[in-house]
Structure formats: C-alpha cells, structure tokens
Amino acid sequence: MPTSEPDRVPGRRAACFAVVDPATGETFDEALDQQPDELDAVVDRAHRAWHGWRADPAARTTALRVAADAVETAGDDLARLLTREQGKPLAESYAEIARTAARLRYFADLAPRTRRIADGRPVHSEIRWRPLGPVAAIVPWNFPLQLAAAKLAPALAAGNTMVLKPSPFTPLATRLLGSVLVTALPEDVLTVVTGREPLGARLASHPGIRHVTFTGSVPTGRAVAEAAAASLARVTLELGGNDAAILLDDVEVDRIADRLFWAAFRNCGQVCMAVKRVYAPAQLHAEVVEALAQRAKTVAVGAGLDPNTRLGPVNNAPQLARVEQVVKQAQAGGARAAAGGHRLDGPGYFFAPTILTDVPPRSPVVTEEQFGPVLPVLPYRSLDEAVDAANGTGFGLGGSVWGTDLDRAEAVADRLECGTAWINNHAELSLAQPFAGVKNSGVGVAGGPWGLYGNLRPFVVHRPQEA
Ligand code: NAD
C-alpha cells in the first residue's frame with residue numbers, strides 16, 4: 001500500500017470509480033472515489049508535515065533530486081499506465097515522464113534570494129521569503145504527470161506541502177506517481193487524492209489550504225477562484241488557450257508544414273497551447289490547406305500502446321462529443337473538411353484528424369477551444385486583419401508567426417496579446433521562463449523563478465543599523 005494512501009473516515013468502505021481506456025472505450029481499472037469529508041484529515045496532516053519540511057532547504061533539495069531519479073526508475077510502469085488511461089502514444093508518455101523528472105530537478109536547485117532594501121534610510125531592511133502552507137493542486141487529464149510536477153516541484157521546493165487532485169479521467173498514473181514520489185519525501189509532504197466532484201470544489205475551498213494552483217478550463221477556473229475566495233487563499237489559474245498561428249506571405253509552406261501540423265495535433269490536439277487556428281495569406285491558403293490535409297490523411301492513428309501510432313484517441317467520451325459538435329456546427333455554417341471531419345468507426349474515442357476550410361469566422365471551432373484533432377485554416381487579406389483576428393477571442397495563452405524574414409515575423413509576433421509568442425515554432429517552453437496567460441487564459445505566473453515565488457510570501461524585517 002503506497003504511503004500516499006489517503007486517510008479514510010473510520011468505518012466507511014472504500015468506494016471506487018471506473019477508469020476507461022480511451023483506445024477501447026472499455027473500463028480497464030478503477031480508482032479510489034474519495035469523499036470531500038476525507039479532506040479534513042488529509043489537509044490537517046499536510047499542515048503538520050509542513051513544519052518540518054519548511055525548516056530545512058538543503059533536505060528539500062536532496063529529496064527533490066532523489067524524487068526525480070525515482071520517477072525515471074519507475075518510467076516504464078508510469079508510461080504504460082499513462083498511455084492506457086490518457087491515450088497518448090507511448091513515446092509521448094515517456095517524453096512526459098522525462099519532463100516530469102526535469103521539473104523536479106530544476107526546482108530542486110532553485111532557492112529564493114534574500115534581498116536588502118536600499119532606500120537611503122539608516123535602517124537595515126531585508127526581504128526574506130516564507131512558504132505559504134499546504135497548497136492544493138488541481139490538474140486536468142491532458143498532461144497529468146507533467147502538470148502535476150509543474151505544480152508540486154515549485155511548491156515543495158519553496159517549503160510548502162501539497163494535496164494533489166488529478167482529473168477523474170486520469171487518476172491512476174498520478175496515484176502511481178504519488179507513490180513513487182513519497183518514497184523520497186517525508187510523510188504527508190505530498191498526498192494524492194482521487195475522486196469525482198465535488199472533491200475538487202471542496203479542496204479549493206478548504207480553510208486549511210493557503211494556495212490553490214489550478215490548471216484546466218476557463219469555467220472551472222472561475223468556479224475554483226470563487227471557492228478559494230471563501231478562505232482568501234492565493235489562486236493561480238492556468239486556463240484554456242485558443243492560440244493562433246499567422247503565416248506570412250514569405251513563408252515556405254513545405255518547410256514549415258510538418259512543424260505546424262504537429263504544433264496543432266500533438267497529444268491529439270489536447271494541448272492548452274496547441275495551434276488551434278491558422279491564418280494564411282489568401283494567395284497561399286489553398287497550398288497550406290493541402291499540405292496540412294495531406295499530413296492529416298496519412299498520419300498513423302491508433303492505440304497509444306501500438307508502436308506505430310503517432311496520434312491516439314481523444315481522452316474521454318464527453319470531449320469526443322464536444323469535438324464532434326464543434327465540427328458539425330462549422331459544417332452546418334458552410335465549412336468543408338479537407339481531411340477527416342468525422343468520428344472513426346470501431347471501438348474507442350477516435351476522431352479522424354481534421355482540417356477545416358471555408359469556416360465562418362464566428363464559428364465556435366474558431367472562437368472557442370476545440371481541444372481535439374481539428375484545425376481550421378482561415379484566409380486573410382491584410383496583416384492587420386490577421387492580427388485582429390488572432391487577438392479577437394477571449395483567450396491569450398500563446399501565438400506564433402511563421403515566415404522567412406525573421407525581423408518582420410518578430411514585429412508581427414510583438415503585436416500578439418498573449419503570454420508567449422514564437423517565430424516558426426509553437427509551444428516549445430523553457431523551464432526557466434515565466435508561464436502566464438492573459439485575458440481568460442490565466443491568473444498568476446508559473447514557471448521559472450516566478451513559479452517559485454508564486455509559492456512564497458515576502459517577510460520583511462527592519463532593524464536599526466548598529467551605532
Ligand atoms: P476541467 O476544467 O474540466 O478540469 C480540470 C480539473 O478540475 C480536473 O481535475 C477536474 O476534476 C477538476 N474540477 C472539475 N470541477 C471542479 C470544481 N468545481 N472545482 C474544483 N475542481 C474541479 O478541465 P479538463 O477538461 O480536465 O482539461 C482541459 C482544459 O485544461 C482545457 O481548457 C485546457 O486548455 C486546459 N489546460 C490549460 C493548461 C495551461 O497551462 N494553461 C494546461 C493544460 C490544460
């Protein structure tokens with residue numbers, strides 16, 4: 001029994017819920033269905049563990065490095081389980097596990113800096129940084145392990161403890177990750193809880209939680225912020241995206257088509273900062289559609305455990321239904337599928353990789369987040385029109401500009417209202433960069449030293465200078 005196993009309410013039998021393999025649509029295992037009233041004991045223990053954990057930064061560094069090694073050692077088991085419940089190709093699961101370990105190592109070596117305030121007064125004033133207490137992390141199903149690590153590594157490195165709740169669509173790999181990590185950590189520094197709503201809502205509003213760090217959709221992010229307002233806990237929200245890629249008229253379509261295709265279709269399009277809309281100059285539009293459609297028609301779609309697969313299923317039935325709905329809405333408005341446009345026959349949650357053209361610009365597949373293997377390609381006539389359209393949704397996570405003249409491309413990228421912009425690339429992130437969305441895409445800053453400070457509070461000491 002892993003030591004991350006939860007506290008239970010005495011006398012209650014453990015209930016479970018089904019976990020489905022999206023490649024078959026069948027239940028393949030079950031997970032503990034923890035109830036909200038179990039959280040009091042979990043948070044209480046996280047609070048007690050905090051006092052020892054916050055006291056010894058050197059021990060934290062060592063523990064997080066050991067934890068990173070342990071994740072790599074368990075890589076085979078983690079990768080298979082992740083693919084089984086999430087659907088992604090096994091190679092992508094291994095890549096996610098490598099990123100999980102990399103996050104642990106990066107934050108293991110990061111420490112806040114005590115700073116002197118030099119304002120001319122005859123006082124020695126110093127800013128020190130203190131952890132917040134138990135942190136609640138709530139994560140989605142698209143990158144369960146990597147996103148869990150992106151939250152727990154900075155929170156734990158800063159001296160906080162954590163209660164981590166994965167999505168009910170992907171509870172098992174996270175629970176296994178938890179049982180691997182706790183072998184390197186003092187008891188109750190990290191606890192994984194699994195269950196269905198209202199477990200997350202209760203965790204976000206728990207009075208013992210001092211910071212709620214959430215990744216997920218915009219509507220749930222709003223609900224989490226409201227729940228956390230009850231205890232005035234700090235809130236960090238990493239929410240949805242609807243990233244645009246603007247192709248310039250000097251782009252070499254053949255050279256960029258592979259990169260552009262995978263920027264949209266990696267993880268079956270279920271990436272917060274996937275390319276979700278392409279804007280192509282009107283004179284290149286047909287060539288771009290053709291290049292992307294040719295790739296969509298020939299990419300190997302299948303179960304993630306099959307070594308030939310490059311594109312897996314959509315993770316869950318409600319998401320598959322949503323993808324189908326936005327495609328049907330677009331088609332009803334006159335859009336044409338240059339590739340795909342429909343579910344695939346047979347078992348599992350497969351949707352044919354889809355390239356849409358002639359899409360009405362106000363169609364939900366353009367204005368909202370499709371979060372699946374579907375990409376609309378829209379023509380533009382002037383750059384201003386393209387930039388206005390790129391900036392014209394409620395989202396602002398990322399964006400990219402593709403062309404040969406890099407200075408010109410960068411000048412266009414500079415006009416994008418988003419947190420990260422790329423030239424001739426998309427969604428490549430550095431561990432050392434701030435990660436933040438604007439508008440509905442997020443609140444607060446994660447990543448790099450900003451992610452560490454997001455889990456700390458300033459503590460200022462003033463003392464008179466020695467006479
Ligand atoms: P979701 O919002 O439905 O769920 C996210 C998490 O919140 C899950 O663990 C879920 O169980 C939990 N939850 C549901 N209702 C809750 C409530 N009332 N209170 C507290 N927790 C609750 O999102 P999803 O469908 O799992 O994930 C897809 C979304 O995540 C997309 O919008 C995607 O863009 C976004 N996402 C954003 C980033 C980013 O870094 N900005 C990264 C990955 C995914």
Side-chain angles (χ1 to χ4, degrees), residues 17 19 22 31 33-34 36 39 85-86 88 96 99 103 136-151 163-171 174-175 192-206 209 212-230 233 235-243 266-276 314-323 326 368-372 393-398 418-420 427 429 433-447 451:
F17 63 93
V19 183
D33 196 12
Q34 291 180 256
L39 291 173
E85 69 176 4
Q86 204 287 331
K88 64 185 67 189
E96 179 165 346
R99 289 192 292 268
R103 275 159 181 72
I138 302 175
V139 294
W141 44 260
N142 59 338
F143 290 97
L145 303 187
Q146 168 184 340
L147 292 173
K151 298 197 175 305
V163 181
L164 165 64
K165 193 204 80 68
S167 164
F169 292 116
T170 52
T174 310
R175 204 171 257 297
V192 176
V193 293
T194 54
R196 296 171 290 183
E197 283 312 303
L199 188 67
R202 176 67 184 138
L203 181 59
S205 65
H206 198 283
I209 292 295
V212 184
T213 172
F214 170 84
T215 299
S217 63
V218 174
T220 313
R222 283 207 180 89
V224 164
E226 276 177 34
V235 176
T236 304
L237 304 175
E238 297 173 48
L239 306 179
N242 190 0
D243 292 10
R266 186 167 73 94
N267 205 31
C268 204
Q270 302 162 125
V271 180
C272 55
M273 38 173 54
V275 169
K276 296 194 175 120
V314 172
N315 171 256
N316 57 73
Q319 186 60 27
L320 179 66
R322 163 149 180 82
V323 169
V326 292
E368 295 170 18
E369 191 186 25
Q370 66 272 42
F371 221 62
T393 76
F395 297 93
L397 201 53
C418 57
T420 310
L429 296 169
Q433 76 161 83
F435 183 83
V438 297
K439 297 191 271 184
N440 287 343
S441 288
V443 171
V445 184

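Note that ligands are numbered from 1 as they come in the structure, with each ligand's atoms numbered from 1 the same way.
Residues forming a side-chain hydrogen bond (donor to acceptor under 3.5 Å, both in side chains) with Ser441 (at least two apart in sequence, or on another chain): none. By the side chain to side chain contact (heavy atoms under 4.5 Å, CB included) test, Glu226 pairs with no residue at all, sequence neighbours left out. For Val271, the side chain to side chain contact (heavy atoms under 4.5 Å, CB included) test picks out Phe143, Arg266, Asn267, Ala274, with sequence neighbours left out.
Salt bridge annotation for Glu85-Arg175: absent, with no cationic side-chain nitrogen under 4.0 angstrom from a carboxylate oxygen.
Using a heavy-atom distance under 4.0 Å as the criterion, the protein contacts of ligand 1 are Ile138, Val139, Pro140, Trp141, Asn142, Leu147, Lys165, Pro166, Ser167, Pro168, Glu197, Gly200, Ala201, Phe214, Thr215, Gly216, Ser217, Thr220, Val224, Glu238, Leu239, Gly240, Gly241, Cys272, Glu369, Phe371, Leu397, Phe435.
Gln270 places a side-chain N or O within 3.5 Å of a backbone atom of Asn315 that can act as its donor or acceptor partner.
Of all heavy-atom pairs between Leu203 and Lys165, the closest is CD2-CB, 4.0 Å.
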